[in-house]
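Some notes on the structure that comes next.
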2 protein chains.
Amino acid sequence: MVRRPETPRSRQATPRFHRASAQVRREALVEATLACLRRYGHEGMSVRRISRQAGVSAGLINHHFPSITTLVAAAYQTLADSLLRSMRRHAQDPDLTPRQRLHRYFEASFAPDQIDPGVFHCWLVFWSRIAHDDEMRAVHERTYGDYRAVLEQLLGELQPAASAHFRLREAATALGALMDGLWLEASVFPGRFKAASAVRLCDDWVSALCDGALPGLRASAQRLQRERP
Amino acid sequence: MVRRPETPRSRQATPRFHRASAQVRREALVEATLACLRRYGHEGMSVRRISRQAGVSAGLINHHFPSITTLVAAAYQTLADSLLRSMRRHAQDPDLTPRQRLHRYFEASFAPDQIDPGVFHCWLVFWSRIAHDDEMRAVHERTYGDYRAVLEQLLGELQPAASAHFRLREAATALGALMDGLWLEASVFPGRFKAASAVRLCDDWVSALCDGALPGLRASAQRLQRERP
DNA sequence: GCGCTTGTTGAGCAAGCGCTCAGCGGCAGG
DNA sequence: CCTGCCGCTGAGCGCTTGCTCAACAAGCGC
């Protein structure tokens, strides 16, 4: 370990560290956390690994965050926020028809940057912590509400032009499930699943929904006719 | 810690351990592993926790398995096998029509014992280990092949009666994704999602598939007309 | 009843974990 | 230029981890 030579207070070539505002430092630590989770999965959730990734000492993490679980919760919030921002960007483009907005949103959801195995690792870590960590659960609940709200908005704008009325809330949940399932499949088996076909399946599902081809989601009338198929 | 009293070789009330064949012991350790993963998630994957659950000493695990990752891979295989057995039970019941077999299979897939958060934890652990562990990846590949094969069989038996022909392999993958997505949704948000509606969504999707309402999966003719929606 | 095979034990090791805190030193304000 | 605040460092604490291996003892075959 090379210590600074015998000139005790002289100017030195490179400062041993630099200072930053709490805001900037916290964001940098969150970014480092996401990088570690992407690369190492669960084993990336370590004070030493994250601090090395951020280029700071291990102690700094507990200076800015009460514990590492809070840092991970902040990382979850950050990732979810960026996802939601991307959703809203597509959901509000006024130059497109509602159908086109949904299509664009599908394309964005299955773009290579979303199918990346690193992103998958992040979600695995987040999900597995929800059961034991109240902070994580709070972020999770909040996030999911917003997430489904945007999907509801996108589907709701489709409703007027559709030949069949559907139950909006259930349809949004179901579409979310379909998308998550396709995303999961693509993430667990990278390369075996083409993004284009995932988009196609979502578009087709929405078409079927609008055409009334999914009776379980049709509004009113039949409550729940559970005829055997 | 109560040691055995001063009669060194006398008969004692209870033996300190009992012996078992390698086969029996391995199965017991696998069961203990699944129990720990269910209860504690990632933190359950520990030599000490699993051995305590199995009622044996920590050292025994490395006597029967070269490392704990091998034991977890064996647990993955066991869980996947039992799932597959259950699938085949439904897939081969000769007293039912193909459509009914699929319906039963949907019902079994969303039964309370599958939606259990413990089962979800197991899968999270398995998935997160796939990326870094060759043994896990091997089990994963093998398992998924069998899994999709059964789905293909179930859908294939539907084909003759369907009014539209569909591409079997892609349809099986897509149906698997839909089911996994619904299962995921139900597992991540326990209680917010009713099993009955998941079954209904799957049945509806299959109906749409058979009626040709999912053009992206129709066989032959149009290769990939990517018209904008 | 006795000996032997061998399944089982558990202390021990090195490595890594989250977190603490005394003190170093970057850098702004005087 | 020099002072002092405070962001930052990193050795160190107590703990858990996976795994090893010498010693122990269950229970079969005699």
Side-chain angles (χ1 to χ4, degrees), chain A residues 1-5 7-29 32-33 36 40-73 125 129 132-133 135, chain B residues 1-5 7-29 32-33 36 40-73 125 129 132-133 135:
Chain A
M1 192 75 70
V2 176
R3 268 293 117 80
R4 198 157 55 94
T7 50
R9 200 167 267 237
S10 67
R11 72 222 58 241
Q12 53 221 44
T14 54
R16 313 230 277 106
F17 62 89
H18 84 276
R19 302 177 157 230
S21 73
Q23 168 83 354
V24 166
R25 197 57 98 185
R26 286 174 60 96
E27 283 172 10
L29 287 172
T33 304
C36 284
Y40 305 108
H42 244 92
E43 325 212 319
M45 204 184 81
S46 135
V47 170
R48 282 163 179 81
R49 236 183 278 261
I50 293 171
S51 58
R52 199 184 320 138
Q53 169 76 30
V56 299
S57 81
L60 196 60
I61 284 180
N62 290 289
H63 182 72
H64 288 288
F65 293 90
S67 84
I68 200 171
T69 63
T70 307
L71 172 54
V72 171
V125 173
R129 293 217 57 79
H132 307 98
D133 184 339
E135 258 173 322
Chain B
M1 191 76 68
V2 177
R3 268 292 113 82
R4 199 156 55 95
T7 49
R9 202 170 262 239
S10 68
R11 73 219 60 239
Q12 54 221 44
T14 53
R16 313 232 278 107
F17 61 89
H18 83 277
R19 302 175 160 231
S21 73
Q23 167 83 353
V24 166
R25 198 57 99 184
R26 286 175 60 96
E27 281 172 12
L29 287 172
T33 304
C36 284
Y40 305 108
H42 245 93
E43 324 210 321
M45 205 186 82
S46 136
V47 170
R48 282 163 180 80
R49 235 182 280 263
I50 294 170
S51 57
R52 200 183 320 139
Q53 170 76 31
V56 299
S57 81
L60 196 60
I61 284 180
N62 289 289
H63 181 73
H64 288 286
F65 294 89
S67 85
I68 200 171
T69 63
T70 306
L71 172 55
V72 172
V125 173
R129 295 217 55 81
H132 307 98
D133 184 339
E135 257 171 324

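Partners of Ile68(A) by side chain to side chain contact (heavy atoms under 4.5 Å, CB included), not counting sequence neighbours, listed by chain and number: Val47(A), Ile50(A). For Asn62(A), the side chain to side chain contact (heavy atoms under 4.5 Å, CB included) test picks out no residue, with sequence neighbours left out. Qualifying ring-ring contact (aromatic ring centres under 6.0 Å, His included) partners for His18(A), counting only residues two or more places apart in sequence or in other chains: none. Residues passing the side chain to side chain contact (heavy atoms under 4.5 Å, CB included) test with Leu60(B) are Arg25(B), Val56(B), Ser57(B), His63(B), His64(B), sequence neighbours excluded.
Within the nucleic acid shown, Ala20(A) comes within 4.0 Å of sugar-phosphate atoms alone, with no base atom in reach, counting heavy atoms only.
Less than 4.0 Å separates DNA chain C from at least one heavy atom of each of the following residues of residues 62-72 of chain B: His63(B), His64(B). Within residues 44-57 of chain B, the residues that place at least one heavy atom under 4.0 Å from DNA chain D are, in residue-number order, Met45(B), Ser46(B), Val47(B), Arg48(B), Arg49(B).
Interatomic distance, NE2 of His132(B) versus OG1 of Thr69(B), reported as 13.0 Å (0.5 Å rounding).
Applying the 4.0 Å criterion to OP1 and OP2 of dT5(C), one finds that Arg19(B) has every side-chain N and O outside that range.
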I would like to know whether Met45(B) and Tyr40(B) meet side chain to side chain contact (heavy atoms under 4.5 Å, CB included); could you show each step before the answer? CA-CA 8 Å; Met45(B) 205 186 82; Tyr40(B) 305 108; over 6 Å; no
Thr33(B) and Cys36(B): CA distance, side-chain angles, deciding distance, side chain to side chain contact (heavy atoms under 4.5 Å, CB included) verdict: CA-CA 5 Å; Thr33(B) 304; Cys36(B) 284; 5.9 Å; no
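The distance between atom CZ of Arg25(A) and atom P of dC6(D), rounded to the nearest whole Å, is 17 Å. For the pair Leu29(B) CG and dC19(D) C1', the computed distance is 15 Å after rounding to whole Å. At whole-Å resolution of the value, CZ in Arg16(B) and C1' in dA26(D) are 11 Å apart. The CG atom of Leu60(A) sits 13 Å away from the C1' atom of dC19(C) (whole-angstrom rounding). Rounded to an integer number of Å, the gap from Glu43(B) CD to dC15(D) P is 17 Å. The interatomic distance linking His18(B) (NE2) with dC28(D) (P) rounds to 12 Å, in whole Å. Spacing between atom NE2 of His42(A) and atom P of dG18(C) amounts to 12 Å, rounded to whole angstrom units.
Nucleotides of DNA chain D nearest to Ile61(B) and Ser21(A) differ in position, and the one nearer the 5' end is that of Ser21(A).
Panel note: side chain Thr70(A), backbone Pro66(A); no donor-acceptor pair is recorded below 3.5 Å.
Under the Watson-Crick and G-U wobble criteria, each requiring two contacts below 3.5 Å, nucleotide dC30(D) is paired to dG1(C).
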Can you pull every protein N or O that's under 3.5 Å from an N or O on nucleotides 21-23 of chain D?
none

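Evaluation of the side chain to side chain donor-acceptor pair (under 3.5 Å) test over residues 42-55 of chain A, restricted to residues two or more places apart or in two chains, returns Arg39(A)-Gln53(A), His42(A)-Ser128(A), His42(A)-His42(B).
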